[in-house]
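Report on the structure given below.
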Amino acid sequence: MLTTPKHCDHQFHHLQQLCTIIIITGRPATGKTSHCEELIKFIKKNYPTNYTPIFLDIDSLLMDNTYTQEYTEHIKTLKKNGKLKYNLDPTIWTIILQRFFQANNTKEKIIIFYRGPTSEKVAKELGKTFLPNFYIYLDSSVEDLVERVCGRRVDLLSGKTFHIKYDAEYLGKHQKEMKLSQRIGDDEKLFIPRIERSDKSLLPVLSYYQSLALQQQQENGDEEDRTRVVVKRIVCTNDMTKELIFQEIKSTIKNFR
């Protein structure tokens, strides 16, 4: 019978972690999904074929009863009522994540964990058994995010997405042939609260891993450790290309093997 994890105060010396865990997280609309996809392609191309990159998405994991088991019906009920994302008990989150990592805990597995733990409590409890080797937080100012997201428009005729600023020249020539509409979620009144919810959820997690990385550095110096946590906060401004941001991600993980 699986027991409930107890509180853990940065105790990581006893871990038996073999897999590599890379968390890509951060504020909304910072390119997390696309960078996860690029990272998987990069690993497949540049590392030996026996290494297996695995994309871990919480939403998909919670729909897999291989790991949810006795919590499956409870999760379905929360999802049906639109309360799954912020109302699932952190203990259940932790147990499900532990099951996944235990099932994939081999040296050949490189787990790309999209968003990572969504609360400090889950991060701490999960840290009893598994820690991210790399915690990469993609950041951007509210002003840049609002410009990036709230300026998007969808052409209902073609299904293509345009930006009223970045594609202004094209829209000026072709707008009469299009039927532009803004997605509901791209409205500033809805998008700003989304940023605030993300910050409330993820900034304590970032702070936790930063303090943990500092503690490891003080205790172990530069000694190699399979559970060493490297934390990188990348500021993604609107004048940075996706290629430049991904270059920073690659630079962060380049010595992970």
Side-chain angles (χ1 to χ4, degrees), residues 2 5 8 10-26 31-69 93-118 122-138 205-206 208-209 212-213 216-217 219-232 234 242-243 245-257:
L2 196 59
C8 174
H10 292 189
Q11 299 298 316
F12 40 75
H13 60 277
H14 62 289
L15 299 180
Q16 297 298 316
Q17 180 172 326
L18 298 174
C19 60
T20 297
I21 302 173
I22 304 172
I23 292 177
I24 305 291
T25 187
K32 298 183 292 294
T33 302
S34 60
H35 287 306
C36 283
E37 292 171 350
E38 287 301 313
L39 187 54
I40 290 174
K41 292 177 185 176
F42 175 77
I43 292 171
K44 286 181 176 179
K45 181 179 179 181
N46 292 279
Y47 290 85
T49 54
N50 60 314
Y51 290 152
T52 306
I54 300 173
F55 179 69
L56 172 56
D57 171 34
I58 285 293
D59 291 339
S60 298
L61 182 63
L62 291 179
M63 295 299 107
D64 188 342
N65 59 19
T66 303
Y67 305 105
T68 58
Q69 298 177 18
W93 276 108
T94 304
I95 291 172
I96 293 170
L97 285 169
Q98 284 176 332
R99 286 171 176 167
F100 176 86
F101 287 122
Q102 287 166 358
N104 292 280
N105 191 31
T106 65
K107 291 182 180 180
E108 295 77 22
K109 299 291 178 64
I110 305 171
I111 300 170
I112 313 301
F113 190 0
Y114 172 72
R115 291 200 80 215
T118 53
V122 172
K124 286 181 176 180
E125 298 291 1
L126 184 63
K128 290 183 66 177
T129 48
F130 293 96
L131 287 169
N133 301 86
F134 300 92
Y135 186 85
I136 300 173
Y137 186 93
L138 303 181
V205 180
L206 171 64
Y208 167 71
Y209 284 129
L212 196 153
Q216 287 181 325
Q217 178 65 31
E219 292 183 1
N220 303 322
D222 294 325
E223 181 182 342
E224 288 295 324
D225 188 340
R226 285 296 305 160
T227 57
R228 170 65 60 86
V229 179
V230 174
V231 179
K232 177 72 171 181
I234 301 174
K242 287 184 179 180
E243 291 75 18
I245 296 169
F246 187 65
Q247 187 62 42
E248 288 205 39
I249 293 174
K250 287 194 296 183
S251 177
T252 301
I253 68 167
K254 64 181 180 181
N255 295 320
F256 83 99
R257 285 289 179 182

* To do: Check whether any side-chain heavy atom of Leu131 lies under 4.5 Å from a side-chain heavy atom of Gln216, and answer yes or no.
  => yes
Exercise for the section: Quick one: sort the Tyr47 and Tyr51 rings into parallel, tilted or perpendicular, breaks at 30° and 60°. Expected result: tilted
So, does Asn105 use its side chain to make a donor-acceptor pair with the main chain of Gln16 at under 3.5 Å? yes
Rounded to the nearest 0.5 Å, the CD1 atom of Ile22 sits from the CG atom of Leu39 at a distance of 5.0 Å
Tightest non-hydrogen contact, residues Val205 and Ala123, listed as CG1-CB, 4.1 Å
### Query
Would you say the side-chain atoms of Ser251 pair up with the backbone N or O of Gln247, donor to acceptor, closer than 3.5 Å?
no
Output for pair (Leu138 CG, His35 NE2), nearest 0.5 Å, gives 6.0 Å
OG1 of Thr20 to CD1 of Ile111, rounded to nearest 0.5 Å, is 8.5 Å
- Using the six-membered ring wherever Trp is involved, compare the ring planes of Tyr209 and Tyr135 and label them parallel, tilted or perpendicular (cut-offs 30° and 60°). tilted
Step-by-step side chain to side chain contact (heavy atoms under 4.5 Å, CB included) determination, Trp93 to Ile58 = CA-CA 9 Å; Trp93 276 108; Ile58 285 293; 2.7 Å; yes
Quick one: does any side-chain atom of Asn133 pair with a main-chain N or O of Val229 as donor and acceptor, under 3.5 Å? no
* Asked: Under 3.5 Å, is there a donor-acceptor pair between the side chain of Asp64 and the main chain of Ser60?
  -> no
Quiz item: Any side-chain heavy atom of Lys232 within less than 4.5 Å of one from Phe134?
Solution: no
Separation between CZ (Phe101) and SG (Cys19), nearest 0.5 Å, reads 6.5 Å
Run Phe130 and Gln102 through side chain to side chain contact (heavy atoms under 4.5 Å, CB included) and show every step you take.
CA-CA 9 Å; Phe130 293 96; Gln102 287 166 358; 3.7 Å; yes
Partner of Phe113 under side chain to side chain contact (heavy atoms under 4.5 Å, CB included), picked from Ile24, Thr25, Leu97, is Leu97
Q: Apply the test side chain to side chain contact (heavy atoms under 4.5 Å, CB included) to residues Glu38 and Lys242: give CA-CA distance (whole Å), side-chain angles for both, the deciding distance (0.1 Å), then the verdict.
A: CA-CA 10 Å; Glu38 287 301 313; Lys242 287 184 179 180; over 6 Å; no
Here the gap from Ile112 atom CD1 to Phe42 atom CZ, rounded to the nearest 0.5 Å, amounts to 11.0 Å
The reported gap from CD1 in Ile43 to NZ in Lys250 (rounded to nearest 0.5 angstrom) is 11.5 Å
Nearest heavy-atom contact between Leu62 and Thr68 is O-CG2, 3.4 Å
